[in-house]
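Protein chains get the first letters and strands the later ones, always in sequence-line order, with residue 1 at the start of each.
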Amino acid sequence: MGNDMLRSKFLTAGAAILATALSASTALADITILAWPGEPAESAFRKVLDLYNSTEGAKNNSKASVIYFSQQGFKEKMLADVAAGSKEFDVMLTATYDVGLYAPFMTPIDDLITDDVYKVVSKNSIETQKYEGKTYGIPTDLSLHFLYYRKDLIEQLNTDPAWKAKYEEISEKILGKKLSPKPADQWDWDDFIASALFFTKSINPDSPTRYGTVLQMKNLLYNIMLWQGTVASNGGNWRDKDGNITVDSPAYKRGLEIYKIITDNEATPGDSSTYEYGEANSVFGAGQVAFMLQWNAAVPEFNDATKYPTVAGKLGLSHEPAGSEGPKTHFHSLGLGINKNTEKLDEAKAFLSWLATAEPMKLYAKEGGSPPLAEGLMAEIAGDRPEMLLMGEHAAKYGFVMDGATSAKAMGIYTNMAENFTGYWTGEMEQDEAIANVVADMKKAFAQ
Amino acid sequence: MSYSSFETKEQASARALLVPLCLFLGALLGFPTLINLWYSFSDVSFQNMIGTFVGVDNYVAAISNPKMWQALGFSLKFALICTTLEVAVALVLVFILHPLLIKRPWMTAILMLPMMVSPALMGVMYRLILNEFTGAVPVYLEMAGYAVNFLGRGNIYKTVVAIEVLQWTPFAFLILLTARQTVSYELEEAAAVDGATGFRSTFHILLPMMKPALVIVIFVRFIDSFRVFDHIYVLTGGGPGNLTTSISIYIYKLFFVQNTLGEAVAVSILLLLMSLTLIVVAMRLVVRRS
């Protein structure tokens, strides 16, 4: 009996030593990451991967590589892949607005969210990667909107008496009220419209730009995200506290009207109904408009004199114009989470744990990414990326997420809004019809 | 061995030879058809790919949705206009260029170039070429005193039609040119000797001889234009509103964006039934006439 026990203890100890030795020498497998394409984030992320492969990855003998789908239809392709059980990628994209849709195909990573992670990325941004209490992604990019404007033009508008007089005349004639120019950070939506009219050549032949602003009105869900600051700033929301749909409201009508007035007065390019991010940048960058609402990702481009010499050095940034509730901006985060089908869970977790540390996040920010850094790190990076401080400030002060906009139905609702609201702006349907269609769709979606 | 037993043996071996093909088609077409039929009668989404039987609910939802009829109307109108324009332009080009292309056949390859570009890329190209500020066409037209906004709400329909016609007229041209070249020179010469030249020769000899090819071109181009997707999706996303939403874009959005897989498949099956009816009627007409 004693010998048996002794032998058993020896065997157990031997097995433990063997297991420890094996685990110490077992290398992790290589992993593949499916990330969001497009500059500057794409190049920045490749630099981060190089760092991983030469440091932490090399230590674990696990190499990380990245694949991209094209931006057009990215989410649809990713959805089809994960639903089909694809193991082609181990780490995948997450976004605030569709975390609910992809949650069934992802592995929660709450065990990775330690106190140290909060010292690197802001707590708020981690919250935007949660669905039904579970965290699905490490946020890598914060997306919100700025009012981009030409400092030289808006300054002249506020100082030149002839311009001021013309501005007052145009606002009185078209909007029915005499408005005076203001600095961009004091604008409300009437000032936004009046300035768009003033800087439009067909209305003001002396305008230095052909159009006042450029609206992105392609039938695309991201364009609705860009627009809905007009609604939130006037107190609008998708739903109230009781879950009732509140789209048929003065706030939504006002938001729709703002784009409609600008479109009908041709203060935005005539082909704006096919415009999205890239087109708007090229129009603003070419000096054809005086200001625009745009995603924060465009800032590094406009500070690059080789790319946009007309604008570089003259770019002003502000929050969106104010409504009755002050200025607001839609915001969401993009991040990276784990494909539920992966067979390399440990490797994927090892990568995400490393990604949520200071060194890779700082590198990503320096190279052009927009990580939602915690305050301490944000201050460190501010010298290279001054607009990132503004991003943090705007997200905290003005950021909103519509009620229900992280649910599994959010993408469909945004798409339906895009169909109907772009239809209204371009005269395909009446405002009441567009709103009624959206309300009906939302009722159906949230009832399921 | 009697004639009838020989025929039976031949029929039997013919049937045996068809078996692999039938199995192949059964696997590649039969399985997806059965799955799609199940989906069309089920409440199915990406989160629930097995689905729950809901009877004809998806068909009722599809038929009662005005957007489906709007998209179907767009596709029908688009296909009719594009097919008519493509075949007409191709025919004219065939009659004008035929003498030249006989001497310089390599020039045909140049005319085929638009066809070699992927339709999605075509959409991206025209997004740049027709842009009001950066596009070559509007800029040169403006220099000439004509300001045309090709992608504006007033012109977008004409623009997507023009892109389709520009890309696929070469296909119609190629088929019709081949048909034109099969008309024997002796026949044309004999007709000329009998006094049939120009107009009479074209309408009474060449066109009747090219009729089978013409029917095929019309048929293929109509089907192809009817299921248009790529360049419109890239250029307009189906908008503004639903102005340029074809039935393919509509199904795509139902499936991938709205996540209502059952309804999307139901629309596809309705479309398949409509197309099959059309094909059967058209083929009967063609066979009867020929």
In terms of heavy-atom proximity below 4.5 Å to chain B, should A:Asn416 be classed as side chain, backbone, both, or neither? both
Charged N-O contact under 4.0 Å between B:Arg127 and A:Glu276: yes
Measure distances from A:Leu220 to the heavy atoms of chain B and classify the residue's part below 4.5 Å as side chain, backbone, both or neither. neither
I'd like to know if the side chain of B:Gln47 and the backbone of A:Leu101 have a donor-acceptor N/O pair within less than 3.5 Å. yes
Taking the basic N atoms (NZ, or NE/NH1/NH2) and the acidic carboxylate oxygens, is any pair closer than 4.0 Å for B:Arg153 and A:Glu266? no
Could you tell me which portion of A:Glu419 (side chain, backbone, both or neither) has an atom closer than 4.5 angstrom to a non-hydrogen atom of chain B? both
Compare every heavy atom of A:Leu79 with every heavy atom of B:Phe256, then report the nearest pair and how far apart it is. O-CD2, 4.0 Å
Among side-chain atoms of A:Tyr211 and B:Glu132, is any donor-acceptor pair under 3.5 angstrom? yes
Whatever's closer than 4.5 Å to a heavy atom in chain B on A:Tyr424 counts as neither
Check whether A:Leu221 gets within reach of chain B through its side chain, its backbone, both or neither, counting any heavy atom under 4.5 Å. neither
Side chain, backbone, both or neither of A:Ala80 within contact of chain B (heavy atoms, under 4.5 Å): both
Okay, A:Tyr414 and chain B: the region with an atom under 4.5 Å from a heavy atom over there is neither
Side chain, backbone, both or neither: which part of A:Pro269 has a non-hydrogen atom closer than 4.5 Å to chain B? both
In this structure, OG1 of A:Thr422 is separated from CG of B:Asn242 (nearest 0.5 Å) by 7.5 Å
Once rounded to the nearest 0.5 Å, what's the spacing between atom CG of A:Asn219 and atom OH of B:Tyr233? 8.5 Å
Can you tell which part of A:Thr263 gets under 4.5 Å to a heavy atom of chain B, answering side chain, backbone, both or neither? both
